Amino acid sequence: QVQLVESGGGLVQAGGSLRLSCAASGMIFSINDIGWYRQAPGKQREMVAVISSLQTTNYADPVKGRFTISRDNAKNTVYLQMNSLKPEDTAVYYCKVIRSNYWGQGTQVTVSS
């Protein structure tokens, strides 16, 4: 079955960086669009970034210029490089196969001020 496993979260000071990874299995990874989403306490889950099978990318306005999504089809992995982190980026970050109901378990990112 399809599995998505996120890693790379943690505690970082404002202005710092983290790189999240999402390792996929049980699917033909290269033909699927993959997205990163996040959910902060008391808020709805929101899209952060999406990368298509053709490597085109799309970002939510709050993260444009700070976050970069990429993929390595040989490793069945999608990455989210997060720079210049802000306290408002604190959330659980999830990866998802677009146009499906396949989600990872999430990884916590906490940015201290």
Side-chain angles (χ1 to χ4, degrees):
Q1 71 273 24
V2 174
Q3 280 195 316
L4 301 171
V5 179
E6 301 97 335
S7 61
L11 173 63
V12 64
Q13 287 190 330
S17 298
L18 284 173
R19 188 176 82 153
L20 306 183
S21 299
C22 170
S25 61
M27 57 184 276
I28 304 175
F29 180 79
S30 61
I31 66 172
N32 281 280
D33 301 348
I34 308 293
W36 282 100
Y37 292 73
R38 67 186 181 186
Q39 187 165 19
K43 295 189 176 182
Q44 287 192 330
R45 194 171 295 188
E46 62 179 3
M47 187 275 286
V48 175
V50 174
I51 186 165
S52 76
S53 59
L54 299 177
Q55 306 273 2
T56 58
T57 58
N58 186 36
Y59 297 92
D61 286 343
V63 308
K64 282 181 181 177
R66 301 188 296 123
F67 290 12
T68 302
I69 190 170
S70 61
R71 65 191 297 162
D72 184 340
N73 288 337
K75 296 182 178 180
N76 283 7
T77 300
V78 172
Y79 303 98
L80 185 68
Q81 177 67 44
M82 305 186 295
N83 298 329
S84 302
L85 283 161
K86 304 175 181 180
E88 51 264 44
D89 294 318
T90 295
V92 179
Y93 284 70
Y94 301 88
C95 61
K96 179 186 187 294
V97 180
I98 304 301
R99 291 181 294 279
S100 83
N101 200 32
Y102 296 120
W103 292 87
Q105 83 288 352
T107 185
Q108 176 71 47
V109 171
T110 303
V111 184
S112 63
S113 57

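Quick caveat: nothing in here was measured; it's all calculated off a predicted structure.
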hydrophobic_cluster_shared for [Y] and [X], side chain cutoff 4.5 Å:
| X | Y | value |
| --- | --- | --- |
| Ile51 | Phe29 | yes |
| Trp36 | Val2 | yes |
| Val48 | Tyr59 | yes |

Roughly how far, to the nearest 0.5 Å, is CD1 of Ile34 from CG of Leu80?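 If I round to the nearest 0.5 Å, the distance is 13.0 Å.
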To the closest 0.5 Å, what do you measure between CG (Leu11) and CD (Gln108)?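 These two atoms lie 9.5 Å from each other.
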Quick one: salt bridge (charged side-chain N to carboxylate O under 4.0 Å, His left out) partners of Glu46, sequence neighbours excluded?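 Per chain and number, Glu46 pairs via salt bridge (charged side-chain N to carboxylate O under 4.0 Å, His left out) with Arg38.
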Among residues two or more places apart or on two chains, list those pairs meeting salt bridge (charged side-chain N to carboxylate O under 4.0 Å, His left out) that have a residue in residues 101-113.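 As it turns out, there is no salt bridge (charged side-chain N to carboxylate O under 4.0 Å, His left out) pair with a partner in residues 101-113 once direct neighbours are skipped.
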Can you confirm whether Tyr102 is buried at OH, in the sense that more than 12 heavy atoms of other residues, nucleotides or ligands lie under 6.0 Å from that atom?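 12 or below, so no.
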Does Gln55 CD have over 12 foreign heavy atoms under 6.0 Å away?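 More than 12 within 6.0 Å, yes.
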Which ILVMFWY residues are connected to Ile28, directly or by a chain of links, through side-chain heavy atoms under 4.5 Å apart?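 Its cluster partners, ordered by chain and number, are Ile31.
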What residues form a side-chain hydrogen bond (donor to acceptor under 3.5 Å, both in side chains) with [X], not counting sequence neighbours?
| X | answer |
| --- | --- |
| Glu88 | none |
| Ser113 | none |
| Asn101 | none |
| Ser70 | none |

Inter- and intrachain pairs under side chain to side chain donor-acceptor pair (under 3.5 Å), touching residues 13-31, at least two apart: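 Sorted pair list: Ser17-Asn83.
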Work out which heavy atom in [X] is nearest to a heavy atom in [Y]; give both atom names and the distance.
| X | Y | answer |
| --- | --- | --- |
| Val109 | Leu20 | CG2-CD2, 4.0 Å |
| Ala24 | Leu4 | CB-CD2, 3.5 Å |
| Ser100 | Val97 | OG-O, 2.7 Å |
| Asp33 | Ser52 | OD1-CA, 3.2 Å |
| Glu6 | Tyr94 | OE2-CA, 3.2 Å |

For Val12, which residues count as a side chain to side chain contact (heavy atoms under 4.5 Å, CB included) partner, sequence neighbours excluded?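 Listed in chain order: Leu18, Leu85, Val111.
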Show the numbers, then the answer: is there a side-chain contact (heavy atoms from CB on, under 4.5 Å) between Tyr93 and Met82? CA-CA 12 Å; Tyr93 284 70; Met82 305 186 295; 3.9 Å; yes
Donor-acceptor list for residues 60-69 side chains, cut-off 3.5 Å, not counting sequence neighbours:
unit_1	atom_1	unit_2	atom_2	d
Asp61	OD1	Lys64	NZ	3.0
Arg66	NE	Pro62	O	3.4
Arg66	NH1	Ser84	O	3.0
Arg66	NH1	Asp89	OD2	2.7
Arg66	NH2	Pro62	O	2.9
Arg66	NH2	Asp89	OD1	3.0
Arg66	NH2	Asp89	OD2	3.4

Selection residues 17-113 - residue pairs positive for disulfide (SG to SG under 2.5 Å), sequence neighbours left out: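 For residues 17-113: Cys22-Cys95.
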Mind checking what makes ring-ring contact (aromatic ring centres under 6.0 Å, His included) contact with Tyr37, not counting sequence neighbours?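 Tyr37 satisfies ring-ring contact (aromatic ring centres under 6.0 Å, His included) with Trp103 once adjacent residues are dropped.
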